[in-house]
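Working notes, beginning with the structure itself.
Every value quoted in this text rests on a predicted model; they were computed, and no experiment measured them.
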Amino acid sequence: MIITIKNVLSNPTLKQVQDLLNTSDFIDGKLSAGKTASSVKNNEELSLQSPLHQQLNNLVMAELVKHPQYQAAVLPSKVATAFYSRYSKGMSYGVHVDDAVMGPLSGRYRTDVSSTVFLNAPDEYEGGELRIYNANGYDSIKLNAGDAVIYPSGSLHEVTEVIGGHRLVAVSWAQSLVKSAEQRQTLYDLATLRDSLANHIEKLKADQIYANLVRMWSEL
């Protein structure tokens, strides 16, 4: 399930985020990559030890996580701190799959859903599309600043080479209350249907079905 979420960040918030990133020191992105991904990863990231990191999370991740569409699609149990990535000319991230389990030993989490929040406009860089592969080929994604995309962490994906300009994104992962991607899709579809119902009795019945499915499928 690939879902785009529009206007996660407002223009004033985006301006704050961009100003902070413009004053930040970036490090080699390979330092945070898994064993396999490090061989195809070529970007820069804000150090997790940067004093700006928490400030950025308060601006970016707080807005993403509370967004009703994110909540409905992900059903988050644990959400990882974001990595703030910059791709300059010639940089890319080759085809890879996200590690199944991330985090320190004291705080491990399963990666069910990946998210990318786009932090600058698509006309500010050439190339740099997020490609998510599927049985029929791939989806190519390059969204407006402030928009986000969520997709299965187990999918093969890549960031194509940036030909010019700079690409700025925030990337994070979530462990869902519902491990199965198919079950999450069913719940998201049901929630969407429920919200479209005008009849009170029908909406109440859909609420009951939704709640009972979450109760049946959730892992706590």
### Task
I would like to know whether Glu129 and Ser140 meet side chain to side chain donor-acceptor pair (under 3.5 Å); could you show each step before the answer?
CA-CA 6 Å; Glu129 292 89 2; Ser140 186; 5.0 Å; no
### Task
Check step by step if side chain to side chain donor-acceptor pair (under 3.5 Å) holds for Gln185 and Asp189.
CA-CA 6 Å; Gln185 175 77 66; Asp189 292 343; 3.0 Å; yes
### Task
Report the C-alpha distance between Thr111 and Asp98 in whole Å, list the side-chain angles of each, state the deciding distance to 0.1 Å, and finish with yes or no for side chain to side chain donor-acceptor pair (under 3.5 Å).
CA-CA 8 Å; Thr111 58; Asp98 294 334; over 6 Å; no
### Task
Start with the C-alpha distance between Arg110 and Asp112, add both sets of side-chain angles, then the distance that settles salt bridge (Lys or Arg N to Asp or Glu O under 4.0 Å), and finish with yes or no.
CA-CA 6 Å; Arg110 186 184 65 245; Asp112 295 320; 2.8 Å; yes
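A chain of hydrophobic side-chain contacts below 4.5 Å, direct or via other Ile, Leu, Val, Met, Phe, Trp or Tyr residues, connects Met216 to Val214. Both Ile3 and Val79 are part of a single hydrophobic cluster, where members link through side-chain heavy atoms under 4.5 Å apart.
In this structure, the salt bridge (Lys or Arg N to Asp or Glu O under 4.0 Å) partners of Asp19, at least two apart in sequence or on a different chain, are Lys15. Residues satisfying the side-chain contact (heavy atoms from CB on, under 4.5 Å) test with Asn144, not counting sequence neighbours, are Pro122, Asp147. Scanning for side-chain contact (heavy atoms from CB on, under 4.5 Å) contacts around Val17 gives Thr13, Leu21, Leu56, Leu59, Val60, Leu119, with sequence neighbours left out. Scored by the ring-ring contact (aromatic ring centres under 6.0 Å, His included) test, His166 finds no partners at all (sequence neighbours excluded).
Residues Val169 and Val117 form no side-chain contact, since every pair of their non-hydrogen atoms from C-beta on lies 4.5 Å or further apart. With a 4.5 Å cut-off on side-chain heavy atoms, Leu220 and Leu177 count as touching. Using a 4.5 Å heavy-atom cutoff, the side chains of Tyr151 and Met1 are not in contact. Contact of the Leu48 side chain with the Tyr84 side chain is not registered, since no non-hydrogen atoms from C-beta on lie closer than 4.5 Å. You'll find the side chain of Val65 reaches within 4.5 Å of the side chain of Gln71, heavy atoms only. Put simply, the side chain of Tyr210 reaches to within 4.5 Å of the side chain of Arg194, judged on heavy atoms. Side chains of Leu213 and Leu190 form a contact here, defined as non-hydrogen atoms less than 4.5 Å apart. Counting heavy atoms from C-beta outward, Arg184 and Ser176 have side chains that approach closer than 4.5 Å.
Side-chain N or O atoms of His96 include one that pairs as donor or acceptor with a backbone N or O of His157 at under 3.5 Å. With hydrogens and angles disregarded, a donor-acceptor distance shorter than 3.5 Å links the side chain of Asp28 to the backbone of Lys30. Ser50 contributes a side-chain N or O that, together with a main-chain N or O of Leu52, makes up a donor-acceptor pair within less than 3.5 Å. The backbone N or O of Pro51 lies less than 3.5 Å from no partner atom in the side chain of His53, so there is not a single donor-acceptor pair. A distance-only check finds no donor-acceptor pair linking the side chain of Arg86 to the backbone of Leu168 [under 3.5 Å]. At least one donor-acceptor pair under 3.5 Å links the side chain of Lys203 to the backbone N or O of Leu197. A donor-acceptor pair under 3.5 Å links the side-chain atoms of Lys41 to the main chain of Gly29, judged by distance alone.
Sparse packing is recorded around NZ of Lys179, with 12 or fewer heavy atoms of other residues, nucleotides or ligands lying under 6.0 Å away. Around atom CG of Asn58, more than 12 heavy atoms belonging to other residues, nucleotides or ligands sit under 6.0 Å away.
The list of ring-ring contact (aromatic ring centres under 6.0 Å, His included) pairs with a residue in residues 167-198, not counting sequence neighbours, reads Phe83-Trp173. Residue pairs meeting the ring-ring contact (aromatic ring centres under 6.0 Å, His included) criterion with at least one member in residues 110-135, sequence neighbours excluded, are Tyr133-Tyr138.
Annotation: the span from Ser10 atom OG to Glu63 atom CD amounts to 7.0 Å, rounded to 0.5 Å.
Comment: Asp139 does not engage Arg131 in a salt bridge, judged by the lack of any side-chain N to carboxylate O separation of less than 4.0 angstrom.
Tyr93 and Asn43 share no donor-acceptor pair across their side chains, judged by distance under 3.5 Å alone. With 3.5 Å as the limit, one finds no donor-acceptor pair spanning the side chains of Ser115 and Ser172.
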